[in-house]
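Reading through the structure tokens given below for one structure.
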Amino acid sequence: MELFDAVRANLLSPAVLFFALGVLAAVVKSDLRFPEQLYAGLTIYLLVAIGFKGGVAFADAGFAEVWLPAAAAIALGALIPLWSYPILRFWGRMSVVDSAAIAAHYGSVSAVTFIAATNYLTAVGQPFESYASAFLAVMESPAILVGVLLGKRAVPKSGLPALTGSSRQVLHEALFGRSVVLLVGALVVGGLSGAGGMAKVEAFFVTPFQGVLALFLLEMGLVAGRRLGELRKVGVFLLGFGVLMPLVHGFIGVVLGHWTGLSLGGATLLGVLAASASYIAAPAAIRLSLPEANPTLSLTAALAITFPFNLTLGIPYCLAVARWLYTP
Amino acid sequence: MELFDAVRANLLSPAVLFFALGVLAAVVKSDLRFPEQLYAGLTIYLLVAIGFKGGVAFADAGFAEVWLPAAAAIALGALIPLWSYPILRFWGRMSVVDSAAIAAHYGSVSAVTFIAATNYLTAVGQPFESYASAFLAVMESPAILVGVLLGKRAVPKSGLPALTGSSRQVLHEALFGRSVVLLVGALVVGGLSGAGGMAKVEAFFVTPFQGVLALFLLEMGLVAGRRLGELRKVGVFLLGFGVLMPLVHGFIGVVLGHWTGLSLGGATLLGVLAASASYIAAPAAIRLSLPEANPTLSLTAALAITFPFNLTLGIPYCLAVARWLYTP
Amino acid sequence: MELFDAVRANLLSPAVLFFALGVLAAVVKSDLRFPEQLYAGLTIYLLVAIGFKGGVAFADAGFAEVWLPAAAAIALGALIPLWSYPILRFWGRMSVVDSAAIAAHYGSVSAVTFIAATNYLTAVGQPFESYASAFLAVMESPAILVGVLLGKRAVPKSGLPALTGSSRQVLHEALFGRSVVLLVGALVVGGLSGAGGMAKVEAFFVTPFQGVLALFLLEMGLVAGRRLGELRKVGVFLLGFGVLMPLVHGFIGVVLGHWTGLSLGGATLLGVLAASASYIAAPAAIRLSLPEANPTLSLTAALAITFPFNLTLGIPYCLAVARWLYTP
Amino acid sequence: MIALKLVTIICEAHARKPLTELLRDVGARGWTAFAVEGNGDKGPRLADIPETANVQLQVIVRPEVAITLLERLEREYFPRYGMIAYASDVQVIRSGKF
Amino acid sequence: MIALKLVTIICEAHARKPLTELLRDVGARGWTAFAVEGNGDKGPRLADIPETANVQLQVIVRPEVAITLLERLEREYFPRYGMIAYASDVQVIRSGKF
Amino acid sequence: MIALKLVTIICEAHARKPLTELLRDVGARGWTAFAVEGNGDKGPRLADIPETANVQLQVIVRPEVAITLLERLEREYFPRYGMIAYASDVQVIRSGKF
Ligand SMILES: Nc1ncnc2c1ncn2[C@@H]1O[C@H](COP(=O)(O)O)[C@@H](O)[C@H]1O
Ligand SMILES: Nc1ncnc2c1ncn2[C@@H]1O[C@H](COP(=O)(O)O)[C@@H](O)[C@H]1O
Ligand SMILES: Nc1ncnc2c1ncn2[C@@H]1O[C@H](COP(=O)(O)O)[C@@H](O)[C@H]1O
Ligand code: NA
Ligand code: NA
Ligand code: NA
């Protein structure tokens with residue numbers, strides 16, 4: 001009952017409603033489109049804002065408090081592909097590269113899902129560790145590296161000539177890719193400038209943040225809605241995978257958060273991170289290093305199945321799991 | 001005297017001054033230009049913000065209070081082309097398609113003029129119904145449909161081969177065009193998320209709104225200023241039309257607002273809507289469905305004559321009419 | 001000691017840290033990039049905001065208080081190229097056009113450096129005349145005109161056929177160039193709309209300003225960092241020039257501010273303006289009117305040497321000079 | 001290498017949708033588009049508002065399709081929209097793709 | 001179909017205005033332009049700030065105009081700006097338009 | 001005037017970096033790039049998110065380089081990325097530049 005109320009509150013938040021509006025506009029084939037550079041600008045804003053805020057909180061909490069759950073987050077990100085891969089490969093009968101690519105997407109994380117979850121927690125009055133965006137920052141890359149390792153074994157067998165320098169590139173992309181630099185960089189900047197710095201930039205990076213997210217989700221809805229047509233192409237297996245894995249990973253994430261001493265809200269966020277699938281960092285890195293994989297599969301699963309699922313149901317689900325786990 | 005003061009206050013507002021700056025910059029051929037995607041982004045922001053705000057107010061007021069003036073607004077939008085058309089056709093000696101196209105622009109509405117009017121009313125301390133943006137939303141399309149019907153009759157006679165699918169397209173554009181989707185969509189989102197949702201996104205959609213409008217009007221001034229050179233091409237008749245019709249339509253709009261029970265401020269806004277000419281929704285729809293019409297005529301009239309006229313004089317005029325009408 | 005603390009406080013401000021992050025991202029060859037139209041949009045915002053704020057303050061202070069330091073600022077801008085040119089020409093052994101071009105960049109001013117200085121003064125609690133952005137506005141062009149005159153003498157000797165209309169163009173660019181129009185225009189708009197206008201647009205042009213600057217400096221860091229590789233090409237002389245001239249010009253600017261009756265903070269700002277080198281207005285005007293000059297030299301000096309130097313050390317240095325001068 | 005035709009169309013942005021439908025109609029299997037600015041007999045087209053923006057469409061087709069396309073453009077579109085169109089020769093490697 | 005020349009110029013964005021004046025000067029009745037990025041002998045030109053952005057200009061002219069244009073470009077512009085220019089053959093339908 | 005080849009590549013934006021490395025590899029001394037949208041066998045590519053954006057690369061090279069480039073594209077890139085590539089003839093004035 002309580003879960004039902006939580007879901008309803010989430011569904012009626014401006015952010016989720018704007019997402020739905022975007023999906024609808026795409027479905028009725030409206031010519032509404034966000035300019036690409038606006039999308040890029042909003043992404044930069046959201047990543048920098050969330051990173052900066054997390055950095056200020058990180059500096060406040062101190063490394064001693066953060067390292068254990070952060071290490072758990074990294075480990076979880078690296079491990080998820082290891083069990084996702086065989087599921088995709090053998091139950092889903094996908095090719096080696098496709099299985100590896102999708103596994104990488106699901107081990108990595110979605111910043112927007114995370115941000116939506118922090119807003120949701122704020123809305124329902126559930127406190128959480130603000131430094132949790134550090135987990136977001138460190139969870140982007142490990143799964144990508146594992147996924148690429150899994151997939152690379154297949155390329156020689158494919159008979160295709162190797163592309164020059166692509167394995168060097170993946171490491172570079174994992175360490176210095178756009179979103180990693182923005183998140184980790186803003187974290188460090190936030191950590192160094194502390195509360196005094198926050199006071200200066202709060203009116204830009206914090207106050208209007210929720211509204212910006214709502215507008216951004218309108219565009220996300222457009223993008224996701226346009227891919228709905230490809231759901232047929234990806235098949236029933238991937239549809240199930242995209243809905244069930246978040247439930248499993250969300251559960252594991254929450255439990256891990258509990259074990260490593262996070263609060264109820266922090267554990268929820270770790271669950272949401274685990275449940276989420278990357279659609280920014282992973283696609284870029286995978287197209288560079290495993291171009292043999294079919295991007296329609298991974299992108300449609302991450303963007304048109306798992307993202308909407310988490311945004312609407314996955315986030316309240318993780319909170320419900322956490323509440324159940326933390327009940328004495 | 002009072003009208004004079006009201007006009008002066010309007011002319012010295014940042015929004016109008018930035019518009020004038022833009023016109024001036026265009027006239028001296030400065031290389032100042034807004035990037036096109038910034039223009040697109042600002043448009044999206046303004047439409048979503050005004051729609052959302054209106055939706056919250058709508059939900060508050062309830063359908064019973066809104067439906068009558070909304071129906072009047074729709075009817076007025078649909079009727080304006082019916083008398084504008086013969087005036088253009090016979091007094092202005094314009095072709096059938098051009099008359100129909102211009103009539104459609106003047107029956108439809110300009111969101112930016114409306115927004116400037118709400119700011120003006122706020123500045124002079126005149127309360128109004130916030131849900132009036134619902135009228136803005138419903139007045140965009142009817143006139144376009146009527147105008148297209150008026151114009152379509154002429155195409156077969158022109159000897160040009162018909163373009164495939166263009167009549168299907170106009171209905172789609174009128175229902176699901178960019179600005180309709182943004183306005184109506186944000187209205188619904190605002191209505192569903194209510195005051196609680198407003199609290200979350202207010203700092204982005206409401207607080208900085210006036211400043212954003214001022215910046216946007218700088219760009220509008222650039223665009224309008226660049227078209228000043230085309231005033232010669234459109235002729236004296238259209239110049240008179242672009243100034244006199246707002247006076248007539250503004251009057252009718254205010255009276256209709258009065259009849260249908262709006263407050264003094266609300267009636268002013270309905271007058272401004274009637275007086276305004278569309279330069280976003282109508283051009284897009286008309287270029288799709290009446291491409292035989294000369295866009296220089298309608299766009300120059302709407303953008304370089306009527307828009308500046310309303311921004312500076314038309315808005316205070318409508319308020320003056322309303323004050324006169326509502327004086328017991 | 002005190003200077004040391006001031007520098008450290010400056011280095012740990014979000015703005016400077018984001019700049020450093022940008023430099024770092026460029027150095028590690030991250031694919032992080034700001035969309036070009038975002039850069040253009042942020043520039044417009046910053047110039048309009050600083051101009052508007054200055055205009056409101058200007059109207060408040062009155063012309064009588066402003067004209068003397070403003071005249072001094074103009075004179076200083078026009079004179080700097082006159083001594084920079086021979087230094088570049090004879091000590092630096094640069095060609096006539098290159099010397100003239102670089103001299104023009106150093107006589108003109110950098111709006112972002114100025115804005116960073118106002119933020120710095122606010123942060124350390126040092127009051128200043130808000131109308132100082134009027135000095136920024138009037139110092140952009142004089143040096144460019146002087147520099148072009150110095151350089152034009154060389155072109156006939158080069159044997160190249162003259163380009164049509166380029167001398168007419170430079171005057172037009174100096175008077176109506178993008179940044180001049182934005183700054184001067186926003187000043188006038190601010191002056192005319194006064195405190196009442198400010199109240200309307202404050203939430204957009206003032207409150208989030210510092211945060212926007214921080215984000216913008218991230219991009220500036222990317223751009224400067226990418227040019228670091230060209231430092232080798234420009235040679236040791238220009239490196240020294242780019243660091244020493246700000247010290248000299250900053251000193252002169254502060255003294256001039258003192259003489260013409262500015263407060264300690266205002267004199268600091270005049271010093272910063274003199275110390276800064278233009279990388280927006282000057283490059284555009286010089287490429288139009290002295291295309292024979294090598295843009296790598298002037299742009300690298302202004303952007304990759306002098307700008308970071310002023311941002312980190314030059315600004316506290318000017319404040320220290322002012323404090324020393326104003327100590328009774 | 002196979003000889004094909006590249007048809008380039010530069011027109012007002014509002015005409016983009018009907019034009020891509022025409023491309024499909026004459027048998028093109030793909031197209032490429034991007035925003036441009038321009039100047040011509042109908043005056044300057046600065047791209048800052050969609051109402052005065054241009055779009056450039058590029059389509060690779062077999063020579064006979066290029067002729068049909070240009071003819072239909074001339075008959076149906078030139079009288080209605082501000083635009084130009086031209087064809088040029090290109091060589092591709094993959095046959096069967098166009 | 002009429003044979004004309006398409007001249008493409010890729011140059012730094014700051015040179016755009018003088019170049020369009022040159023185009024008018026040699027007799028072009030229209031042109032098309034858009035922002036591009038590039039790499040060449042003068043190093044990378046990433047388009048994120050106008051100071052390092054490139055622009056691509058396309059102009060359709062009669063063959064003799066193309067020659068004049070290229071020659072004037074070589075004489076007056078190549079020594080001053082980082083740029084390239086090339087001509088190619090195009091076919092148009094409407095005569096009298098170019 | 002010297003006859004050269006213009007090779008145009010239209011591919012997904014994510015492939016841009018490896019492609020420019022290939023260009024350097026085969027001996028191109030410069031290139032030009034810009035964002036485009038498109039439609040093809042792999043479906044529509046609307047440019048609003050980088051994941052579905054296309055990029056157009058243009059490179060002027062000597063004819064023999066064009067052949068190598070197209071062949072390597074076909075062998076190494078066509079099987080991996082959604083893309084097309086074509087060559088056309090251009091004339092330049094400055095020799096030695098390409
Ligand atoms: N000679 C030309 N060369 C290149 N582009 C042109 C030319 N003439 C016209 N255009 C383009 O076609 C558009 C429409 O041309 P017009 O109908 O003549 O105004 C212009 O805005 C330009 O983008
Ligand atoms: N071989 C080439 N192919 C295509 N574009 C080129 C080529 N060389 C140079 N460019 C373009 O021309 C601009 C100026 O070239 P450059 O003066 O060699 O630096 C570059 O930034 C590229 O956009
Ligand atoms: N016939 C064509 N003409 C022009 N561009 C094309 C054509 N076919 C494909 N393209 C472009 O190449 C991209 C990839 O094509 P495809 O792999 O067929 O989806 C498309 O998104 C278009 O931008
Ligand atoms: Na995950
Ligand atoms: Na109207
Ligand atoms: Na200076």
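Letters A, B, ... are given to chains in the order of the sequence lines, protein chains preceding strands, and every chain is numbered from 1.
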**Heavy-atom proximity to chain E below 4.5 Å, by part of D/Leu73** = neither

**Complete:** Between E/Asp89 and D/Ser88, the two heavy atoms sitting closest are O-CB, 3.5 Å

**Prompt:** So which part of D/Glu37 gets closer than 4.5 Å to some heavy atom of chain E, the side chain, the backbone, both or neither?
**Reply:** both

**Request:** Against chain E, label D/Leu70 side chain, backbone, both or neither, depending on which of its atoms sit under 4.5 Å from a heavy atom there.
**Result:** both

**Asked** Heavy-atom distance under 4.5 Å to chain D: side chain of E/Leu23, backbone, both or neither?
**Response** neither

**Prompt:** For D/Ala87, is it the side chain, the backbone, both or neither that has a heavy atom under 4.5 Å from a heavy atom of chain E?
**Reply:** both

**Request:** Check D/Glu71 against E/Ile93 and note the closest heavy-atom contact, atom names and distance.
**Result:** N-CD1, 4.0 Å

**Message:** Using heavy-atom distances under 4.5 Å, tell me whether E/Leu4 contacts chain D through its side chain, its backbone, both, or neither.
**Reply:** neither

**Item:** Side chain, backbone, both or neither of D/Asn54 within contact of chain E (heavy atoms, under 4.5 Å)
**Value:** neither

**Message:** Can you tell me which portion of D/Ala66 sits under 4.5 Å from chain E's heavy atoms? Options are side chain, backbone, both or neither.
**Reply:** neither

**Asked** Which answer fits E/Gln56, side chain, backbone, both or neither, if we ask what part of it has an atom under 4.5 Å from a heavy atom of chain D?
**Response** neither

**Message:** What part of D/Lys5 gets within 4.5 angstrom of chain E, counting heavy atoms only: side chain, backbone, both, or neither?
**Reply:** side chain

